[in-house]
Amino acid sequence: MRTPIIAGNWKMNKTPAEATEMIQALKPLVKEAKCTVVLCVPALLVHAAKQAARGSKIKIGVQNMHWKESGAYTGELSAAMLKACGVDYAIIGHSERRQYFGETDETVNLRSLAAIRNGITPIICVGERKEQREGGYTNSLMEYQTLTALNGMTADEVKKVVIAYEPVWAIGTGLTATDEQANETIGVIRAAIARKYGKRVADKVRIQYGGSMNPKNATGLMAQPEIDGGLIGGASLKAEDFSKVVNF
Ligand code: 13P
């Protein structure tokens with residue numbers, strides 16, 4: 001019913017030449033993919049990535065964007081600018097941005113609204129820290145982060161967003177949530193969307209798992225009924241690894 005979506009998050013990695021090389025190697029490996037394939041690259045690499053991805057089903061995204069249309073915001077990029085450069089997806093509220101760059105649930109909401117209104121699909125990241133899971137707050141926190149991010153969207157807009165459930169303790173650590181943990185928490189997120197926007201809307205929203213997802217664990221995670229895809233960090237940097245996740 002929902003088309004799975006596998007997205008790479010390259011984080012702060014690669015030059016334009018390295019991006020071109022990786023995408024050219026990836027293209028033949030994902031020709032038969034049955035899911036949406038996205039690479040979220042550093043904004044500076046969008047041009048090279050778009051050129052290299054030509055003639056394939058690989059979509060290009062970025063890892064952040066500002067919520068204002070234009071103006072005196074030194075160093076920032078607007079949704080309209082990114083859209084004009086061919087960007088189709090934007091990761092919003094990644095835990096690294098929350099941890100190192102002062103991202104809050106409120107700015108995640110502003111960025112998500114700006115993305116949707118400019119025809120960019122936001123990949124909205126939510127996730128609990130280790131001590132929050134151990135304290136038993138995961139479910140209430142995921143409901144709060146998710147519904148705050150969606151605040152002010154119409155039901156039709158909510159249907160278009162992608163949510164990435166990324167437990168912070170699983171990012172870049174080699175620790176993965178178990179298939180059951182990921183499925184259960186994603187189910188909690190979907191139920192919260194259903195309570196506010198109705199089941200028909202919640203059934204459309206694609207919710208990914210992220211956090212040390214790789215060729216070895218992708219099959220098990222993707223077999224879970226609530227998990228509609230993955231947001232892949234380290235394993236998205238090499239064409240062969242990423243293609244194995246895409247072809248889960
Ligand atoms: P890793 O796959 O490297 O754990 O990173 C996950 C992530 O942060 C994707 O956004």
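Start at 1 with the first residue, then count along the sequence. The figures that follow rest on heavy atoms only: side chains count, while hydrogens, waters and symmetry mates do not. Atoms within a ligand are numbered from 1 in the order they appear, just like the ligands themselves. Not measured: the values here are computed from a predicted model.
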Quiz item: Hey, which atoms in ligand 1 end up nearer than 4.0 Å to a heavy atom of Ser212?
Solution: 1 (P), 2 (O), 4 (O)

Quiz item: Side chain of Lys196, backbone of Leu147: donor and acceptor closer than 3.5 Å?
Solution: no

Self-check item: Polar atom proximity, Gly234 to ligand 1 (N or O, under 3.5 Å)
Solution: yes

Self-check item: Ligand-residue contact atoms, ligand 1 with His94, heavy atoms, under 4.0 Å
Solution: 7 (C), 8 (O), 9 (C), 10 (O)

Exercise. Keeping the roles fixed (side chain from Arg111, backbone from Ile91), state whether a donor-acceptor pair exists under 3.5 Å.
Key: no

Self-check item: Ala170, portion touching ligand 1 at heavy-atom distance under 4.0 Å
Solution: backbone

Quiz prompt | Glu240/Lys238 salt bridge by N-O under 4.0 Å criterion | solution = no

Exercise. Determine, considering heavy atoms only, which of Glu166, Met213, Lys11 sits nearest to atom 5 (O) of ligand 1.
Key: Lys11

Quiz item: Are Leu231 and Val108 grouped together when hydrophobic residues (ILVMFWY) are joined by side-chain heavy atoms under 4.5 angstrom apart?
Solution: no

Exercise. Ignoring angles and geometry beyond distance, decide whether Thr173 reaches within less than 3.5 Å of ligand 1 through its nitrogen or oxygen atoms.
Key: no

Quiz item: Which one holds for Asn9 and ligand 1: side chain close, backbone close, both close, or neither close, with close meaning a heavy atom under 4.0 Å?
Solution: side chain

Quiz item: When only distance counts, is Gly233 in polar contact with ligand 1, meaning an N/O pair under 3.5 Å?
Solution: yes

Quiz item: Looking only at N/O atoms, are Gly211 and ligand 1 under 3.5 Å apart anywhere?
Solution: no

Exercise. Verify whether one side chain among Ser95 and Gln99 offers a donor that lies under 3.5 Å from an acceptor in the other.
Key: no

